[in-house]
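Beneath this line is the structure, given in C-alpha cells, with notes to follow.
Computed from a predicted structure; not experimentally measured. Naming: A, B, ... by sequence-line order, numbering from 1 per chain. Keep in mind that the numbers below use all heavy atoms, side chains included, and drop hydrogens, waters and symmetry copies.
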Amino acid sequence: MYNTIPDQLRKLAIENVFSTNTYQNCWRTWQPEILRLLGNNYTENEILNIGDHLSDIFRSTGGGGRGQGELSASGTAWESLVCWYINLCTAGSRVVAVKKMSIVPKAIQDAITVNYGNFACNTESDITILVFPDLPEYNTNINQLNILNNLGIQIQPILRNKFNLELTNHLAEKDFNQFEIGIIQCKTNWNDNAQIPMLWDMIYSAGGFRGRNITIGRNGYNIQNAQSFSYSFVTVPSNQNTVYNPNGVAVKRVTNLSGGNYWGNPSIQNVAKSLKEIFTNNFQSGSRTGLRTDIRAAIPELTANNSLSYFGLY
DNA sequence: TATCGCCCAGCGCTGTAACG
DNA sequence: CGTTACAGCGCTGGGCGATA
C-alpha cells in the first residue's frame, strides 16, 4: 500500500520538506494547531478544510517578526506548508506536489524552462505539480514493476534504500505527453508581487515569443505537448490592514491565471478561493476513485509507524 | 481628502558545487 | 561519502504620487 511510483515520490517530497530547519521549527507550532483543527476521529472533510485555515496556521509562528532571518525563512515556510497540504490531500492518487526541483523528473524540468535568448531563466518553480498518467506503471506496487531503461536493463525501484529517481526520469521521458503539469507560485504577500505570476502566466500561455527568441522548453520537451499545463498562485496573504475586493489590481492580476488563485482562508467570491478548491479545479484526473475516497482511505495510515506517518500527524 | 498602486533596500537561509 | 563555501533568493511596511 502506498508503494506506487507517485506515492514514493510524494514521500521523498515530504521528507525533503521536513529536512529543513525552517520547517522543523515551524512544525513544532503548526503540528499541535493542525491536530487541534482536525479534532478526534476526523474525516476527509477535516483534512480538506485545513485549506481554509492554512493562513492562520502559518501566522501562528513568527508573528510579524521583522528580522531578516524570519523574513527570509517565511517564504520557504509557506511554500513548504502548501506542499505538505497538497500532498496530504492527494495521498494515494497520482497527483504529487514537489518543492525541490531536483527530484522533479528531468523531462518535466526541461518542459517548464523558459529560455530568454540562450539563457535558461525560470528553471525554478516554487512547487511543481505532477499528475502521473493513468497507466499500469503508476498504479502498481513498485516491487512488481519491471521497467527497462533505454539499454534494456531493468531499473531498480529502490537503490541503496532510496527511491531511484532514474525510474521517474525514464518514465517521464517515455510518457511525457500523458503527464499533466502544474506550477504553483507561492508568495506570503499579495499586493505588489501579483505582477510576477501574472507575467509568467502570460509567457507560458503565449508559448514564448519567437520574434524575440523567448521560448519554452528544451531538449524537445514542451508544455504544449504535455496533457495539460496550469499556472496557479497561492498566497497567505501577509499584508496587514488590506481589504481585497474584486476590482483591486492585485486581485485582477491573478484571477485569470490558468490554474487560478488561492489563499489559506475560506473562499471569497471573485477574490480568492480556498486552497482546498485547487483539487477540483486542476487535478481531478489524478484519482481513479475521487479525492475524498482517497483521503478517507489514507487517514488510518497517517498514524505512527504506518505508511503515511511521514506526514507527521501523530 | 481618501484611496489605491507603486517603489524601495537589505541580510540570513538554503541548496549546490567543490573539496578533502 | 561527509564537509565546507558560496551564490542566489525572497519579504516587509511606510512613504509618495496619482486619481476620484
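- At C/dG10, none of the side-chain N or O atoms of A/T188 fall inside 4.0 Å of OP1 or OP2 (strictly under the cut-off).
- Following rounding to the nearest Å, A/Q185 (CD) and C/dC11 (C1') show an atom-to-atom distance of 13 Å.
- Rounded to a whole Å, the NZ atom of A/K99 is 15 Å from the P atom of B/dC13.
- In this entry the distance linking NZ of A/K252 with C1' of B/dC6 reads 19 Å, nearest Å.
- Ring pair A/W30/A/W84: centre-to-centre distance not below 6.0 Å.
- Considering only the side chain of A/V249, B/dC6 comes nearest among B/dC6, B/dG15, C/dC11.
- Taking the six-membered ring where tryptophan is involved, the planes of A/F179 and A/Y138 are perpendicular, since the angle between them exceeds 60° and thus also 30°.
- In this structure, A/K187 places its NZ atom 16 Å from P of C/dG13, rounding to the nearest Å.
- Checked against C/dC11, B/dC6, B/dG15, the side chain of A/N189 finds its nearest nucleotide in C/dC11.
- With hydrogens and angles ignored, the 3.5 Å screen pairs no side-chain donor or acceptor of A/E79 with any backbone N or O of A/I127.
- A/F233 has its CZ atom 13 Å from the C1' atom of C/dG10, to the nearest Å.
- Across C/dC11, B/dC6, B/dG15, the shortest atom-to-atom separation from the side chain of A/Q195 is found for B/dC6.
- Rounded to an integer number of Å, the gap from A/I127 CD1 to C/dG10 P is 13 Å.
- Between the CD atom of A/E79 and the P atom of B/dC13 there is a distance of 17 Å, given to the nearest Å.
- One interatomic measurement links the two molecules: CH2 of A/W190 to P of B/dC4, which rounds to 14 Å at whole-angstrom precision.
- Here the two rings, on A/W27 and A/F18, have centers that are under 6.0 Å apart.
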